[in-house]
Amino acid sequence: MAEPYIRHVQLLGFEKRFSPSQHYKALKEMFPIESGEISKEHRTIPHLPAPKWFDGLRSTENRQVTLADYCSSLLNLPTKISRCPHVLNFFKVRPDDVNPTANTNGRKPETFLLKSENAKKNVSDITGPIILQSYRAIADYEKNTKSELSVKASDVVEVVEKTENGWWFCQMKNKRGWVPAAYLEPLDSPDESEEQDPNYEGELHVTTKGYSGDLEDELNVEEGETVEVIHKLLDGWWVVRRGSKTGYFPAMYLQKSGDAPSADVNQKKSLPPRRRTISNANSIHTKKRTEISQETYRRNSKKYLKQRQSTFDNMKSMSIVEQNEMENKAQPAIPPRPSKKLILDKCSEHTKNKIQTVN
C-alpha cells in the first residue's frame with residue numbers, strides 16, 4: 001500500500017504562536033541544495049514569509065495570502081520534498097493544535113481567520129515559489145532596537161517587505177528585522193528599478209509632524225502644513241514642494257491629503273538615515289547611483305509652476321472674455337406699436353366691417 005501524501009491545502013486561517021516549531025529550518029537542513037544553502041541559483045524550496053513585528057489588519061490579511069501561496073508552492077515541489085516526513089508532519093494535527101497552551105510568559109496563541117472569499121481559492125490558482133529580492137549592505141549598520149537587524153558591509157539580505165517610510169523588513173539566514181533602505185543596494189545595478197520618476201504636478205500631503213532639516217537640501221515644515229510631493233524615493237526621504245521651495249522631507253511625517261489619520265505603528269520608529277550621511281559606504285558597482293540635485297528639482301518645479309500659472313491665467317482670461325461677450329451681446333429691439341391706420345390696412349374686409357359696426 002502506498003504511503004499517504006498531501007495533494008492540496010486550503011488555508012482557512014493561521015495562528016501566531018510564541019513558541020513555534022522550527023519545521024522550515026529542519027526542511028532546509030534536510031535539503032541544503034534545494035533550499036539554496038550551498039548555491040542560491042539551485043534553490044527550489046520557496047521562502048517562508050517572514051512574520052511582521054507589528055501586525056495590523058492589512059498586514060495580517062497579506063500574510064494569510066502569502067502563507068497560502070507558500071503551502072501550495074511547497075506541495076508542487078518534487079515528491080522527494082513534498083512527500084518527505086518533515087512536510088507530512090508539518091500538516092499533521094497535534095495535541096497542541098486542538099488545545100493550545102500558553103507559553104511560559106502566559107501569552108496564548110493568537111488565531112486569525114481568513115475571509116471567505118480568499119478561502120475559496122481554486123487549485124488552479126496555485127502560484128510558483130515565492131522569490132524574495134536580494135540586496136547587499138553598503139556599510140555596517142548596528143541595530144538600535146530589538147526589532148531591527150544588524151548588518152555588515154557586503155552582507156546579502158533578502159527583503160520581505162518594503163515600506164514607504166524607508167525601513168525594510170529583511171531576513172539573513174535565521175535572523176530577521178528592519179534595516180534602513182539607504183544601507184542596501186540592488187545586486188545587479190546601482191539604481192533601484194522600482195523607483196518612480198519625479199512628478200512635478202505634485203500630490204497633496206499634510207505633515208503629521210514638524211521637521212527642521214539638518215542638511216541644506218532638506219525642507220523645514222511645521223505640523224499640519226500642506227505640501228506637494230514631487231518625488232517618492234525608496235529610502236523614505238521624499239522631495240516635496242511648499243510654494244516655490246523644494247527639499248527633502250521624511251515620508252514618515254506625511255499623510256495623503258483627504259485620508260483619515262491612521263494609527264500607524266511605524267510612526268514609533270526613528271527616522272531612517274539618508275544615504276549621503278552614511279560614512280564608509282562601499283558599493284560593488286563601478287557606475288554611481290543616479291541622483292537628481294535639488295537645483296534640478298527646483299528648476300523643473302519652477303518651470304512646471306510657470307506653465308500651470310500660465311494655463312490658469314489663460315483659462316481665467318477666456319472665462320472673463322466669454323462673460324463680457326454675453327453681457328455685451330446686443331439684445332433684440334422692441335418694435336414700435338403700429339398706428340391705428342396701419343392696423344386697419346392690414347385687417348381683412350370682414351374685420352374692418354365689424355370694427356365700423358361697433359364704432
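Counting heavy atoms from C-beta outward, Val157 and Val179 have side chains that stay 4.5 Å or more apart. When side chains are defined from C-beta on, Leu88 counts as touching Ile6, because their heavy atoms get closer than 4.5 Å. Side-chain contact check for Thr246 versus His231: every heavy-atom pair is 4.5 Å or farther apart. Val240 places a side-chain heavy atom less than 4.5 Å from the side chain of Val229. Residues Leu234 and Trp168 are in side-chain contact: their nearest non-hydrogen atoms beyond the backbone lie under 4.5 Å apart. You'll find the side chain of Asp214 stays beyond 4.5 Å of the side chain of Thr277, heavy atoms only.
Between Asp217 and Arg274 there is a salt bridge, since at least one side-chain N of the basic residue sits less than 4.0 Å from a carboxylate O of the acidic one. Salt-bridge annotation for Glu216 and Arg276: present, with a side-chain N of the basic residue lying under 4.0 Å from a carboxylate O of the acidic one.
Legend: ring-ring contact (aromatic ring centres under 6.0 Å, His included) pairs involving residues 184-204, not counting sequence neighbours: none detected.
Summarising the geometry of Ile278 relative to Ala182, their closest heavy-atom pair is CD1-O, 3.5 Å, with the distance given to 0.1 Å. Listed here is the closest heavy atom pair of Val87 and Ser82: CG1-O, 3.4 Å. Taking both residues in full, the closest heavy atoms of Leu77 and Ile81 are given as CD1-CG2, 3.7 Å, listed atom of the first, atom of the second, then distance. Here the closest heavy-atom approach between residue Val227 and residue Leu254 is recorded as CG2-CD2, 3.9 Å. Across all their heavy atoms, Lys152 and Ala137 have their closest contact at O-CB, 3.4 Å. The two residues Leu271 and Pro250 make their nearest non-hydrogen contact at CD2-CB, 3.5 Å.
Every residue two or more places apart in sequence or in another chain that forms a side-chain contact (heavy atoms from CB on, under 4.5 Å) with Ala153 is listed here: Asp140. In terms of the ring-ring contact (aromatic ring centres under 6.0 Å, His included) criterion, Trp167 has no residue partners (sequence neighbours excluded). Take Tyr141 and apply the ring-ring contact (aromatic ring centres under 6.0 Å, His included) test, not counting sequence neighbours, and it matches Tyr183. In terms of the side-chain contact (heavy atoms from CB on, under 4.5 Å) criterion, residue partners of Val206 (sequence neighbours excluded) are, by chain and number, Thr226, Ser257. Judged as a salt bridge (Lys or Arg N to Asp or Glu O under 4.0 Å), and not counting sequence neighbours, the contacts of Glu203 are Lys232, Lys256. The salt bridge (Lys or Arg N to Asp or Glu O under 4.0 Å) search around Arg289 returns Glu195, not counting sequence neighbours. By the salt bridge (Lys or Arg N to Asp or Glu O under 4.0 Å) test, Glu142 pairs with no residue at all, sequence neighbours left out. In this view, Ser293 and Glu295, Thr296 satisfy the side-chain contact (heavy atoms from CB on, under 4.5 Å) rule, not counting sequence neighbours. For Tyr211, the ring-ring contact (aromatic ring centres under 6.0 Å, His included) test picks out Trp237, Phe249, with sequence neighbours left out. Remark: Tyr248 pairs with no residue by the ring-ring contact (aromatic ring centres under 6.0 Å, His included) rule, at least two apart or across chains. Contacts of Ser35 classified as side-chain contact (heavy atoms from CB on, under 4.5 Å), with partners at least two apart in sequence or in another chain: Lys28, Glu37, Ile45.
Between Leu75 atom CG and Thr79 atom OG1 the span is 12.5 Å, to the nearest 0.5 Å. Within the model, atoms CD1 of Ile230 and OG of Ser301 stand 5.0 Å from one another, a figure rounded to the nearest 0.5 Å. How far NZ of Lys288 is from OG of Ser283: 11.0 Å, rounded to the nearest 0.5 Å. With rounding to the nearest 0.5 Å, the separation of NE2 in His86 from CD in Glu29 is 8.0 Å. Annotation: the span from Cys84 atom SG to Phe90 atom CZ amounts to 11.5 Å, rounded to 0.5 Å. Here the CZ-CZ distance, from Arg298 to Arg241, works out to 13.0 Å after rounding to the nearest 0.5 Å.
Proximity of a side-chain donor or acceptor of Ser310 to a complementary backbone N or O of Lys306 within less than 3.5 Å is not detected. Side chain of Asn220 to main chain of Gly213: a donor-acceptor pair is present (N/O by atom type, distance under 3.5 Å, no hydrogens or angles). Formation of a donor-acceptor pair under 3.5 Å by the His205 side chain with backbone atoms of Ala251 is not found in this model.
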*List the steps, then state whether side chain to side chain contact (heavy atoms under 4.5 Å, CB included) holds for Asn282 with Arg136.*
CA-CA 10 Å; Asn282 182 23; Arg136 174 187 173 275; 4.2 Å; yes
*Start with the C-alpha distance between Cys170 and Val151, add both sets of side-chain angles, then the distance that settles side chain to side chain contact (heavy atoms under 4.5 Å, CB included), and finish with yes or no.*
CA-CA 10 Å; Cys170 305; Val151 294; over 6 Å; no
*Trace of the side chain to side chain contact (heavy atoms under 4.5 Å, CB included) decision for Trp178 with Thr163*: CA-CA 10 Å; Trp178 296 97; Thr163 63; 3.8 Å; yes
*asked:* Could you walk me through whether Val239 and Gln294 satisfy the side chain to side chain contact (heavy atoms under 4.5 Å, CB included) test, starting with their C-alpha distance in whole Å, then the side-chain angles of each, then the deciding distance to 0.1 Å, before giving a yes or no?
replied: CA-CA 9 Å; Val239 181; Gln294 277 300 321; 4.0 Å; yes
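Inspection of the Thr207 and Glu222 side chains reveals no N or O donor paired with an N or O acceptor under 3.5 Å.
Grouping the Ile, Leu, Val, Met, Phe, Trp and Tyr side chains by contacts below 4.5 angstrom, directly or via other members, places Ile292 with Leu219.
The local environment of CG in Asp259 is crowded, with over 12 non-hydrogen atoms from other residues, nucleotides or ligands closer than 6.0 Å.
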